[in-house]
Amino acid sequence: MNREEKSTLTDIRYIKLVPVGSVNPNNPLSDQSRQEQVELLNRCLNDYPKGIIIGKDITIGRYLIGEHELTMEKITYHIGFTRKPMWESDGS
């Protein structure tokens, strides 16, 4: 009998913050940097041990540059794990 057990909040022992995006107009993210952020998020949610999203912070920056208005967004995901992943110790 193969059964997957769901993690509960009381099982969470390690939390990793994973930012996606930027609100700094002086240092915009390249497509490659944004892709690396998304790949880290996917790794947290799919590799062993699988993490779960337990929260997220949304930061919005609105800037006026001349006549133009620029809106930038950064989302920081709070990923909970039952234990610290081995690949996290590698500095990834």
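Since the structure is predicted, the reported quantities are computational estimates derived from the model, not experimental observations.
Within a 6.0 Å sphere centred on CG of Asn46, heavy atoms belonging to other residues, nucleotides or ligands number more than 12. Applying the 6.0 Å contact sphere to CD of Glu39 captures more than 12 heavy atoms from other residues, nucleotides or ligands. The local environment of NZ in Lys84 is crowded, with over 12 non-hydrogen atoms from other residues, nucleotides or ligands closer than 6.0 Å.
Counting only residues at least two apart or in different chains, side-chain hydrogen bond (donor to acceptor under 3.5 Å, both in side chains) contacts with residues 61-73 comprise Arg62-Glu69.
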**OP:** Output, in order, the C-alpha distance, side-chain angles, deciding distance and verdict of side-chain contact (heavy atoms from CB on, under 4.5 Å) for Lys50 and Thr82.
**Re:** CA-CA 9 Å; Lys50 285 189 177 185; Thr82 54; over 6 Å; no

**OP:** Mind running side-chain contact (heavy atoms from CB on, under 4.5 Å) on Ile12 and Ile52 for me, showing each step along the way?
**Re:** CA-CA 9 Å; Ile12 301 298; Ile52 58 171; 4.1 Å; yes

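A single hydrophobic cluster is not seen to contain both Val20 and Leu29; linkage of ILVMFWY side chains at heavy-atom distances under 4.5 Å, directly or through other members, places them apart.
Side-chain atoms of Leu64 and Leu70, non-hydrogen and from C-beta on, never get closer than 4.5 Å to each other. Two residues are said to be in side-chain contact when any heavy atoms from C-beta on lie closer than 4.5 Å; Asp57 and His78 meet this criterion. Counting heavy atoms from C-beta outward, Tyr14 and Pro85 have side chains that approach closer than 4.5 Å. The side-chain heavy atoms of Leu41 and Ile79, taken from C-beta on, include a pair separated by under 4.5 Å. Using a 4.5 Å heavy-atom threshold, the side chains of Lys74 and Ile58 count as separate. You'll find the side chain of Ile60 stays beyond 4.5 Å of the side chain of Val23, heavy atoms only.
Take Ser30 and apply the side chain to side chain donor-acceptor pair (under 3.5 Å) test, not counting sequence neighbours, and it matches Ser33. For Arg13, there are no side chain to side chain donor-acceptor pair (under 3.5 Å) partners at least two apart in sequence or on another chain.
A distance of 11.0 Å separates CD1 in Ile75 from CD in Gln37, rounded to the nearest 0.5 Å. In this structure, CD1 on Ile54 lies 13.5 Å from NZ on Lys16, to the nearest 0.5 angstrom.
When every heavy atom of Leu17 is checked against every heavy atom of Thr76, the shortest pair comes out as CB-CG2, 4.0 Å.
Taking the six-membered ring where tryptophan is involved, the planes of Trp87 and Phe81 are perpendicular, since the angle between them exceeds 60° and thus also 30°.
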